[in-house]
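Inspection log for the structure reproduced underneath, given as structure tokens.
We count residues from 1, following the sequence as given.
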Amino acid sequence: MIGRHRDGQPVTAVYRRVWDGPARAAAEMLGSASPGWTVLYSLSQRRFHAFCSWPAPQPVTVSDDTAEGLEERMREAETLLISEGLPRSSGRAA
């Protein structure tokens, strides 16, 4: 049982809050739709972040305030990597 307790006192139930549930759900959906990326939502920054999971000369990370903006940044990064002729093992084509 989730709750607070002190020695000698009964357990008290505590409301379990899900912080930024819709934003976290949007990040999970975007990550599922984009297999070449790992997508996270930062509670502390209130910002979406994505990390590519295919080989690149340096780590590719993008971020944005909205899920829609992040998806646009992800597609821009994919287009840039493809135009530079870098290998891409997974993910959607731009």
Side-chain angles (χ1 to χ4, degrees):
M1 174 185 228
I2 297 173
R4 294 188 192 121
H5 65 278
R6 293 186 180 164
D7 289 339
Q9 298 293 319
V11 173
T12 304
V14 176
Y15 172 72
R16 187 175 189 140
R17 180 173 177 152
V18 177
W19 295 93
D20 289 340
R24 292 168 69 183
E28 187 175 332
M29 285 182 9
L30 183 54
S32 296
S34 305
W37 293 89
T38 299
V39 179
L40 306 170
Y41 178 73
S42 171
L43 289 172
S44 63
Q45 297 177 352
R46 300 285 198 266
R47 198 163 169 84
F48 294 88
H49 299 274
F51 308 90
C52 78
S53 58
W54 62 85
Q58 60 187 5
V60 178
T61 63
V62 292
S63 64
D64 199 272
D65 291 335
T66 66
E68 295 80 15
L70 180 68
E71 185 172 19
E72 186 177 322
R73 304 267 180 279
M74 290 163 58
R75 302 306 163 234
E76 289 170 359
E78 289 174 350
T79 301
L80 181 62
L81 289 170
I82 291 169
S83 69
E84 291 179 358
L86 298 175
R88 205 167 149 251
S89 62
S90 61
R92 280 186 5 194

From Met74 CE over to Asp64 CG, what is the distance, rounded to the nearest 0.5 angstrom? 11.5 Å

If I take atom OG1 from residue Thr66 and atom CD from residue Glu71, how far apart are they, to the nearest 0.5 angstrom? 10.0 Å

Linked, directly or transitively: Phe48 and Trp19 (ILVMFWY side chains, under 4.5 Å): yes

Given side chain to side chain contact (heavy atoms under 4.5 Å, CB included), test Arg46 with Tyr41 step by step and report yes or no. CA-CA 7 Å; Arg46 300 285 198 266; Tyr41 178 73; 3.2 Å; yes

Could you pull out the closest heavy-atom pair between Leu70 and Ser63, with the gap in Å? CD1-CA, 3.7 Å

Identify the two heavy atoms, one from Trp37 and one from Ala50, that lie closest to each other, and give their separation to 0.1 Å. CE3-CB, 3.6 Å

Spacing of OG belonging to Ser42 relative to CZ belonging to Arg24, to within rounding of 0.5 Å: 11.0 Å

Is a salt bridge present between Glu72 and Arg75, judged by a nitrogen-to-oxygen distance below 4.0 Å? no

Is there a path of hydrophobic side-chain contacts, each under 4.5 Å between heavy atoms of I/L/V/M/F/W/Y residues, joining Phe51 to Leu43? no

Shortest non-hydrogen separation from Pro35 to Ser53 and the atoms involved: O-OG, 3.9 Å

Please name the pair of heavy atoms, one in Gly31 and one in Val39, separated by the smallest distance, quoted to 0.1 Å. CA-CG2, 3.7 Å

Taking every heavy atom of Leu40 against every heavy atom of Ala27, the minimum-distance pair comes out as C-CB, 4.1 Å

To the closest 0.5 Å, what do you measure between CD (Glu68) and CG (Leu30)? 9.0 Å

